[in-house]
Amino acid sequence: MNYWLIKSEPHTYSFAQMKSDKKTMWDGVRNYQARNFMREMRKGDIALFYHSGKDRQVVGEVEIVKEFYQDPTTEDTNWVVVDVKYKRILTNPVNLADIKSKKELSEMHLVRNSRLSVSSVSKKEYDSIIRMSEV
DNA sequence: GCCAACGTTGGC
DNA sequence: GCCAACGTTGGC
């Protein structure tokens, strides 16, 4: 099982919306690196849900329920989507500032490349963030 | 609101 | 194929 992090601007699509939708198609990714990560996602993988913009925190978890397929919102065959399902809200959201303050999280794509909207997360990084959310 | 970082486009 | 110009994202 692999771990991921997906970003959303809460004004565009919030985790509250994710919760009420229960399941959504993760579309609109127009970046090759992000697209490549989406292609690697497998059913059952977990993704952290991050609010960019004013929030800047990891707020919950979703599960990949359908592997990549053509993005139906475009004719361009370069782009794909996956389906994700609401899993749970974190007990406490984990702030970007706190993530940045942890040495063991300094290699995260989220820290290294703030503009990447879909990225991989190692098991260690994932566990570390979950631990931070439980304090 | 500003700006750094990054990606894309297009002229040469 | 290089690189300047431009647009977008997202942190601050």
Side-chain angles (χ1 to χ4, degrees):
Chain A
M1 147 130 76
N2 287 306
Y3 300 93
W4 310 95
L5 182 143
I6 60 175
K7 283 189 194 179
S8 187
E9 167 63 50
H11 290 288
T12 309
Y13 191 84
S14 68
F15 194 60
Q17 187 66 46
M18 179 77 246
K19 185 179 181 181
S20 80
D21 288 349
K22 295 186 178 66
K23 188 182 135 179
T24 196
M25 181 178 77
W26 207 254
D27 64 355
V29 173
R30 296 291 181 269
N31 170 282
Y32 287 102
Q33 203 183 345
R35 189 278 314 270
N36 291 344
F37 284 131
M38 287 173 86
R39 282 180 169 173
E40 290 174 24
M41 289 177 172
R42 293 295 170 258
K43 202 173 169 181
D45 284 355
I46 300 298
L48 298 169
F49 195 108
Y50 175 83
H51 274 168
S52 61
K54 278 187 100 174
D55 248 33
R56 270 169 272 127
Q57 52 192 5
V58 178
V59 289
E61 289 182 285
V62 294
E63 181 183 335
I64 311 304
V65 289
K66 187 172 178 186
E67 294 179 12
F68 76 93
Y69 55 101
Q70 168 68 31
D71 186 337
T73 67
T74 176
E75 297 285 301
D76 191 337
T77 54
N78 281 313
W79 309 119
V80 301
V81 298
V82 293
D83 288 355
V84 300
K85 184 182 77 178
Y86 172 84
K87 184 174 162 68
R88 72 177 183 111
I89 190 163
L90 296 183
T91 309
N92 300 293
V94 180
N95 293 316
L96 179 63
D98 292 336
I99 290 171
K100 285 189 163 175
S101 74
K102 300 276 189 237
K103 199 178 164 196
E104 72 268 22
L105 297 177
S106 63
E107 295 299 313
M108 282 189 78
H109 287 109
L110 178 69
V111 175
R112 284 295 187 90
N113 179 4
S114 63
R115 295 185 44 183
L116 188 59
S117 64
V118 177
S119 60
S120 59
V121 174
S122 73
K123 169 101 172 93
K124 267 190 173 178
E125 292 164 347
Y126 172 81
D127 288 345
S128 177
I129 286 174
I130 295 304
R131 237 178 290 118
M132 289 163 78
S133 76
E134 288 164 349
V135 176

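Just so you know, these numbers come straight off a predicted model, no measurement behind them. Each chain gets a letter, A, B and so on, in the order its sequence line appears, and its residues count up from 1.
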Base, sugar-phosphate, or nothing: which does A:Leu116 touch, judged by heavy atoms less than 4.0 Å apart?
nothing
Answer with base, sugar-phosphate or nothing: what part of the nucleic acid does A:Lys100 contact at a heavy-atom distance below 4.0 Å?
sugar-phosphate
Give the first and the last nucleotide of DNA chain B, reading 5' to 3', that has any atom under 4.0 Å from a heavy atom of chain A.
B:dA5 to B:dT8
Checking side chain to side chain donor-acceptor pair (under 3.5 Å) against A:Arg30, which of A:Asn78, A:Asp71, A:Thr74 comes through?
A:Asp71
Helical bend (five base pairs per end, nearest 10°) for the helix from B:dG1-C:dC12 to B:dC12-C:dG1
10°
For the side-chain contact (heavy atoms from CB on, under 4.5 Å) test, which of A:Met38, A:Met18, A:Met41 pairs with A:Ile6?
A:Met41
Distance in Å, A:Gln33 CD paired with A:His109 NE2, rounded so as to fall on 0.5 Å steps:
6.0 Å
Once the angle between the rings of A:Phe49 and A:Phe15 is folded into 0 to 90°, is it parallel (under 30°), tilted (30 to 60°) or perpendicular (over 60°)?
tilted
When you measure from the side chain of [X] to the backbone N and O of [Y], does any donor-acceptor pair fall under 3.5 Å?
| X | Y | answer |
| --- | --- | --- |
| A:Ser8 | A:Tyr13 | yes |
| A:Glu61 | A:Arg88 | no |
| A:Asn92 | A:Val135 | yes |

For A:Arg56, enumerate each residue passing the side-chain contact (heavy atoms from CB on, under 4.5 Å) test, keeping only those at least two apart in sequence or located in another chain.
A:Tyr50, A:Leu96
